[in-house]
Amino acid sequence: MNHAIRIHEHGGPEKMRWEEVPLPAPKPGEALVRHHAVGLNYIDVYFRTGLYKLPALPAVLGMEGAGVVEAIGEGVTEVAVGDRVAYATGPVGAYAEARTLKADRLVPVPENIPLELAAAMMLQGMTAQYLLRTTYRVKPGETILIHAAAGGVGLIMVQWAKHLGCTVIGTVSTPEKAELARAHGADHVVLAGEDLPAAVKKITGGAMLPVVYDSVGKDTFLASLDCLRPLGMMVSFGNASGPVPPLDIGILAAKGSLYLTRPTLASYTTKREDLLAVAKDLFDVVGSGAVKINVNQRYALKDAAQAHRDLEARKTTGSTILLP
Ligand SMILES: NC(=O)c1ccc[n+]([C@@H]2O[C@H](COP(=O)([O-])OP(=O)(O)OC[C@H]3O[C@@H](n4cnc5c(N)ncnc54)[C@H](OP(=O)(O)O)[C@@H]3O)[C@@H](O)[C@H]2O)c1
């Protein structure tokens with residue numbers, strides 16, 4: 001028997017059902033993975049609500065998991081039965097006790113990384129990696145802004161940016177989260193509701209920022225643009241508060257010939273060699289202790305709806321795992 005959290009229609013967490021689902025044997029190129037843990041990510045909310053399109057309904061939610069390979073299909077060379085593996089680049093279907101998926105999306109997990117930690121860090125950590133190392137490659141001495149700094153991606157990015165020699169400004173919604181972000185290296189924390197561009201102006205002595213990493217979306221987009229210096233880079237990589245409405249690109253000219261990108265992890269890891277390189281960089285910073293993964297919430301997989309409620313109510317900090 002294989003159980004999973006499935007939705008039959010889009011909507012709130014109440015649409016998530018713990019059900020028996022088929023577990024197909026791996027076809028050529030596929031592997032069957034028995035999950036030790038599943039990662040909770042904000043993208044799971046977007047797929048549940050319908051903001052992001054699912055290929056079909058009913059659908060098992062979830063992008064990220066870690067476990068052990070139990071069977072492989074014909075022609076699979078990337079992994080073998082018994083390997084410890086993790087993945088985070090889809091397709092959806094991770095909220096399950098076990099699943100089959102393309103073997104070339106699986107990353108072998110090093111011995112020093114427990115599988116529960118792997119499930120907590122692959123999606124958020126590989127995102128931190130490509131944002132800081134490729135989308136805008138931060139340099140030592142630069143001051144940068146990271147929104148939702150006490151969240152899953154946020155706490156990893158704050159630590160990684162500090163490790164790379166940046167001065168980090170973070171935004172959070174509560175004094176407790178501000179404390180947590182500071183404890184992980186944030187040099188300055190601005191609370192939601194404060195005048196963000198004014199705070200950045202004061203911190204930088206008027207120089208403003210070369211880059212802003214904005215995962216909040218609708219509520220922060222315009223204020224984020226106002227934190228950039230001319231020719232600065234706006235990285236809009238999420239929509240926790242709702243999607244950014246359509247905009248007149250003339251605003252980028254008016255605010256100083258700004259660059260704007262809307263990146264996704266999938267585009268940065270399409271080739272297997274890129275996926276493995278991004279994952280290796282992540283395993284290295286976690287293995288060396290430069291970045292600590294905070295698994296601050298654990299839920300039984302069958303209680304994933306409660307995990308969604310807490311994530312959307314901004315009650316979680318750091319990373320969250322779901323246990324089959
Ligand atoms: N493009 C990509 O490749 C990619 C990959 C991974 C994640 N992401 C994005 O990165 C963001 C963070 O993901 P995560 O999984 O690590 O989640 P998370 O940061 O742990 O949780 C979301 C956080 O967003 C903040 N937030 C601000 N306004 C909110 C609102 N109206 N409702 C709910 N939360 C709000 C909250 O922090 P405060 O209470 O402190 O404001 C909340 O804790 C998400 O937007 C996600 O979609 C993008």
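Keep in mind it's a predicted model, so treat the numbers as computed, not measured. Whatever order the structure lists ligands and atoms in, that order sets their numbers, starting from 1.
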Distance alone, cut at 3.5 Å: any donor-acceptor contact between the side chains of Tyr42 and Asn239?
no

Identify all side-chain donor-acceptor contacts of residues 78-88 below 3.5 Å with residues at least two apart in sequence or on another chain.
from	atom 1	to	atom 2	distance (Å)
Asp83	OD2	Ala80	N	2.9
Arg84	NH1	Val109	O	3.1
Arg84	NH1	Pro110	O	3.1
Arg84	NH2	Ile113	O	2.7
Tyr87	OH	His35	NE2	2.7
Tyr87	OH	Arg99	NH1	3.2

With sequence neighbours left out, the residues meeting salt bridge (Lys or Arg N to Asp or Glu O under 4.0 Å) with Asp303 are none

Under 3.5 Å, is there a donor-acceptor pair linking the side chains of Ser215 and His147?
no

Checking Tyr268 against Thr135: is there a side-chain donor and acceptor pair closer than 3.5 Å?
yes

Hey, which residues fall under 4.0 Å of ligand 1 on heavy atoms?
Asn41, Tyr42, Tyr46, Leu123, Gln124, Thr127, Tyr130, Ala148, Gly151, Gly152, Val153, Val172, Ser173, Lys177, Ser215, Val216, Phe237, Gly238, Asn239, Ala240, Ser241, Arg262, Pro263, Thr264, Leu265, Leu311, Glu312, Arg314

Give the table of side-chain donor-acceptor pairs shorter than 3.5 Å for residues 229-237, with sequence neighbours excluded, one pair per line with atom names and distance.
none

